[in-house]
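In what follows, a structure is listed as structure tokens, so that the remarks can point back to it.
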Amino acid sequence: VQLQASGGGLVQAGGSLRLSCAASGSIFSMHPMGWYRQAPGKQRELVANIASGGTNYADSVKGRFTISRDYAKNMVFLQMNNLNAEDTAVYYCNAITRGGNSWGKGTLVTVSS
């Protein structure tokens, strides 16, 4: 599975961004797709993921971020609202299939305070 992410950029605190990720290859609704992020000097962490069984969010983004998925187009989206400086990171699209973990190239999100 190949993943192509887009939508990062620079935004002021309190603003919004929407990330998109398109998957190509053998991926089905039961396979989780989601987003991880890695801030400078920190480990990569799960932001949110989604599969046919539901969604999962990191506590730090609950109520501010919304993950959605277009199963027909094999795309996953992350709507990020009320961004703050702690959300600054490189965001990576992820999919877990029978072939294992697949990662897209990261997209940088920078939140200025």
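If you're wondering where the values come from, they're calculated on a predicted model, not measured in any experiment.
Through direct or indirect side-chain contacts shorter than 4.5 Å among Ile, Leu, Val, Met, Phe, Trp and Tyr, Met75 is connected to Phe77.
Pairs passing the side-chain hydrogen bond (donor to acceptor under 3.5 Å, both in side chains) check and including a residue from residues 104-113, sequence neighbours excluded, do not occur. Pairs engaging residues 38-99 under the disulfide (SG to SG under 2.5 Å) rule: Cys21-Cys93 [sequence neighbours left out]. Applying the ring pair (Phe, Tyr, Trp, His ring centres under 6.0 Å) rule to pairs touching residues 21-55 yields Phe28-His31, Tyr36-Trp103, sequence neighbours excluded. Screening residues 80-102 for salt bridge (charged side-chain N to carboxylate O under 4.0 Å, His left out) gives Arg37-Asp87, Arg64-Asp87 as the qualifying pairs, with residues at least two apart or on separate chains.
Scanning both residues, Ala95 and Met33, for their nearest heavy atoms gives CB-CG, 4.1 Å. In terms of heavy atoms, Ala39 sits closest to Thr88 at CB-O, 3.6 Å. Here the closest heavy-atom approach between residue Ser102 and residue Val1 is recorded as OG-O, 3.4 Å.
At most 12 heavy atoms of other shown residues, nucleotides or ligands fall within 6.0 angstrom of atom CD in Gln2. The 12-atom threshold is exceeded at CD of Glu45, counting heavy atoms of other residues, nucleotides or ligands nearer than 6.0 Å.
For Asn94 and Asn101, the side-chain atoms include at least one donor-acceptor pair closer than 3.5 Å.
Both Ile67 and Tyr71 belong to a single network of hydrophobic side chains, linked directly or stepwise wherever heavy atoms of I, L, V, M, F, W or Y lie under 4.5 Å apart. Tyr57 and Leu17 fall within the same hydrophobic cluster, where Ile, Leu, Val, Met, Phe, Trp and Tyr residues are linked whenever their side-chain heavy atoms come under 4.5 Å apart, directly or through other members. No chain of hydrophobic side-chain contacts below 4.5 Å, direct or via other Ile, Leu, Val, Met, Phe, Trp or Tyr residues, connects Ile96 to Leu46.
Under the 3.5 Å distance criterion, the side-chain polar atoms of Tyr92 are left unmatched by any main-chain donor or acceptor of Arg44.
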Worked check of side chain to side chain contact (heavy atoms under 4.5 Å, CB included) between Asn49 and Thr55: CA-CA 6 Å; Asn49 61 15; Thr55 58; over 6 Å; no
Intermediate values then yes/no, side chain to side chain contact (heavy atoms under 4.5 Å, CB included), Asn81 and Phe65: CA-CA 6 Å; Asn81 298 328; Phe65 291 12; 6.0 Å; no
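Residues Asn84 and Asn82 fail the side-chain proximity criterion, which asks for heavy atoms closer than 4.5 Å. Between Ser16 and Met80, every side-chain heavy-atom pair lies at or beyond the 4.5 Å cut-off.
Every residue meeting the salt bridge (charged side-chain N to carboxylate O under 4.0 Å, His left out) condition with Lys62, not counting sequence neighbours, appears here in chain and number order: Asp59.
Just one of Leu19, Leu78, Leu10 meets the side chain to side chain contact (heavy atoms under 4.5 Å, CB included) condition when paired with Val109; it is Leu19.
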